[in-house]
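So the structure is just underneath, and the comments pick up after that.
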Amino acid sequence: MTSSSAILVLANFGGLGLGIISAALQARLLGPEGRGLIATAVVPATIFMALLTVGLPDFYARKAAQSEPRKSMASESLIFSLLIGGLVFVPVLAYANFVASDLPVVFLLLFLYGAFSPVFIYGFIAVAVASGFGDWRIVAIVKLLPGIVTVFGLIILYISGATVLTVGLVIFTSAVIGAVTGICAVSFFGVQKVSLSSMKEAVSFSMRSGSTGTIAFLNQRIDILILTVVATKIELGYYAVAITLASLPASVGIAFALPIRNRVSQGEHRGVAAASAMGLLATTVLSTLIIVTLPFLVPFVLGADYLPSIPIMAVLLCAQLPLCCIVILTGALVGVGRPGSLILGEVATFLVAFAGISLLVPHYGAIAAAIATLVSKVPSLAWAVAMCRRYVSDDAVWKYFIPTRESARLVKVKP
């Protein structure tokens, strides 16, 4: 697992590094209020795109890890992408009209994301298939390319002049390029007669995992999604850049989770608790280093206008610790075919986050959303550990959090 994790760590750090550069350029080009307008359009749109996949990427990644033929998966995925994309276009437009009736730039960007939803869905599944096959270089390329395109486009705008619309179009175009690149790199083509039984299996898996995956994804985005409605555009701008910097340690959990998922899919259950403990250690070290440097990093990267975002960043960095373990344990449960087992923990997390953010933000501002997000991760983590001990590995609870020499040895073992 070492080489695959190393590739993913480098790709995720590279992607997040590009994200930080992009955030810095957007912050300086648009200021807090303009950055808030971009978030109003891009955040809901990207959440829609991810939610529309309803568990299909996990299903086909699992199939790929079990050596399912690529062409049959491509044909089935194309049908699903067209159907889902077509069905949700009108609801996306309705949402755009609700939140952006007086913001034409935001409405246009939401319209474009809705129109291209089949491309995004197909691209998400293609990259998931690549990860299932263990094609980590393709996964890395697709993670890095959109960031490179975005930064290049923003640099051009920095020289020639930028508006909220042009910045939004650069971000949208980079997302399209990333999706198309994933489809082409995986050679995810081919139209052939599909197996109805296989598609029924995909629907069944998605129904079991889709609700859990949907709530889990919302739990990672509900803070800024609610803020697009209840916060001022300046506060939203602070929170948007805070999320970008605070997400840097997230690469650790993802780097462990994908190889663990493949390992468990192939029947190897050793090392899940060890991966959780080692991921937590790495995330703790990285988050601590970032928190210490925030007073110097924020004014240097984003500018002095964003100093009020530092407390938000610090709290969100702390939230990365439980989230890292949750991501890794979720990968293990997907691999064993039990994604739906996480539903109760995710529902509890959603309720805590939703109540905390909705009730506290109007009185205490964006920092309340960050605190509610941190607290809400506790029930999800506790439930994920309980489900992994039931279905994957019955290691002692402490082994999921405290690394040992044995933990390091197990993580280094290749699947």
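This structure is a prediction, so every number in the text was calculated from the model and none was measured.
With sequence neighbours excluded, the residues forming a side chain to side chain contact (heavy atoms under 4.5 Å, CB included) with I290 are L248, P249, L286, L294, L317, listed by chain and number. Partners of L359 by side chain to side chain contact (heavy atoms under 4.5 Å, CB included), not counting sequence neighbours: none found. A search for salt bridge (Lys or Arg N to Asp or Glu O under 4.0 Å) contacts involving K377 returns nothing, not counting sequence neighbours. Judged as a side chain to side chain contact (heavy atoms under 4.5 Å, CB included), and not counting sequence neighbours, the contacts of L108 are L112, L165. Every residue was checked against the side chain to side chain donor-acceptor pair (under 3.5 Å) condition with Q320, not counting sequence neighbours, and none meets it. The ring pair (Phe, Tyr, Trp, His ring centres under 6.0 Å) check on F107 picks up nothing, with sequence neighbours excluded. Remark: L344 pairs with W383 by the side chain to side chain contact (heavy atoms under 4.5 Å, CB included) rule, at least two apart or across chains. Residues satisfying the ring pair (Phe, Tyr, Trp, His ring centres under 6.0 Å) test with Y239, not counting sequence neighbours, are none.
Between Y122 and V180, every side-chain heavy-atom pair lies at or beyond the 4.5 Å cut-off. Looking only at side-chain heavy atoms (C-beta outward), V385 and F401 come within less than 4.5 Å of each other. Residues S77 and Y60 are in side-chain contact: their nearest non-hydrogen atoms beyond the backbone lie under 4.5 Å apart. Using a 4.5 Å cut-off on side-chain heavy atoms (C-beta onward), M387 and R338 make no contact. Taking the side chain as every heavy atom from C-beta outward, C318 and I291 approach each other to under 4.5 Å. Within the 4.5 Å cutoff, the side chain of L302 has heavy atoms near those of the L245 side chain. Using a 4.5 Å heavy-atom threshold, the side chains of F80 and I121 count as separate. The side-chain heavy atoms of F111 and F89, taken from C-beta on, include a pair separated by under 4.5 Å.
Taking all atoms of both residues into account, the shortest heavy-atom contact from V170 to T150 is CG1-O, 3.7 Å. Heavy-atom minimum distance, T404 versus W398: CG2-CZ3, 3.8 Å. Of all heavy-atom pairs spanning C325 and L280, the tightest one is SG-CB, 3.8 Å. Of all the heavy atoms in P118 and G85, the pair that sits closest is CG-CA, 3.9 Å. Here the closest non-hydrogen pair linking I312 and A366 is CD1-CB, 3.7 Å. Closest of all the heavy-atom pairs between V336 and V392 is CG1-CG2, 4.1 Å.
Within the structure, side chain to side chain donor-acceptor pair (under 3.5 Å) contacts touching residues 362-376 (residues at least two apart or in different chains) are D223-T373. Applying the side chain to side chain donor-acceptor pair (under 3.5 Å) test to every pair with at least one member in residues 274-288, sequence neighbours left out, gives no pairs at all. For residues 302-319, no pair satisfies side chain to side chain donor-acceptor pair (under 3.5 Å), with sequence neighbours left out. Residue pairs that meet the side chain to side chain donor-acceptor pair (under 3.5 Å) test with at least one member in residues 385-397, sequence neighbours left out, are S393-D395.
Between the side chains of S131 and R261, at least one donor N or O lies within less than 3.5 Å of an accepting N or O.
Although no hydrogens or angles enter the test, the distance criterion places no donor-acceptor pair under 3.5 Å between the side chain of T244 and the main chain of A23. Looking at T293, its side chain does come within 3.5 Å of a backbone N or O of L289 through a donor-acceptor pair. No donor-acceptor pair closer than 3.5 Å links the side chain of S247 to the backbone N or O of A250. The backbone N or O of R270 sits less than 3.5 Å from a side-chain atom of R263, completing a donor-acceptor pair.
Between the CG atom of L109 and the CG atom of L169 there is a distance of 6.0 Å, given to the nearest 0.5 Å. Between the CG atom of L110 and the CZ atom of F172 there is a distance of 11.0 Å, given to the nearest 0.5 Å. From I171, atom CD1 reaches atom OG1 of T166 across 10.0 Å, with rounding to the nearest 0.5 Å. Atom CD of E235 is separated from atom CG of L227 by 7.5 Å, given to the nearest 0.5 angstrom. The line from OG of S380 to CD1 of I326 is 3.5 Å long, rounded to the nearest 0.5 Å. To the nearest 0.5 Å, the span separating CZ on R35 from CD on Q26 amounts to 4.5 Å.
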For this session: Take I125 and S81 through the test side chain to side chain contact (heavy atoms under 4.5 Å, CB included) and record every step on the way to the result.
Result: CA-CA 9 Å; I125 297 174; S81 300; 4.2 Å; yes
Exercise. Should L329 and L342 be marked as a side chain to side chain contact (heavy atoms under 4.5 Å, CB included) after you check the CA-CA gap, both sets of side-chain angles, and the distance that decides it?
Worked result: CA-CA 10 Å; L329 300 182; L342 293 164; over 6 Å; no
Problem set entry | Pair F256-V252, side chain to side chain contact (heavy atoms under 4.5 Å, CB included): steps then yes or no | CA-CA 7 Å; F256 280 100; V252 176; 3.8 Å; yes
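Among I224, I38, L37, the one residue that satisfies the side-chain contact (heavy atoms from CB on, under 4.5 Å) test with L236 is I224.
Within a 6.0 Å radius of CZ in F116, no more than 12 heavy atoms belonging to other residues, nucleotides or ligands are found.
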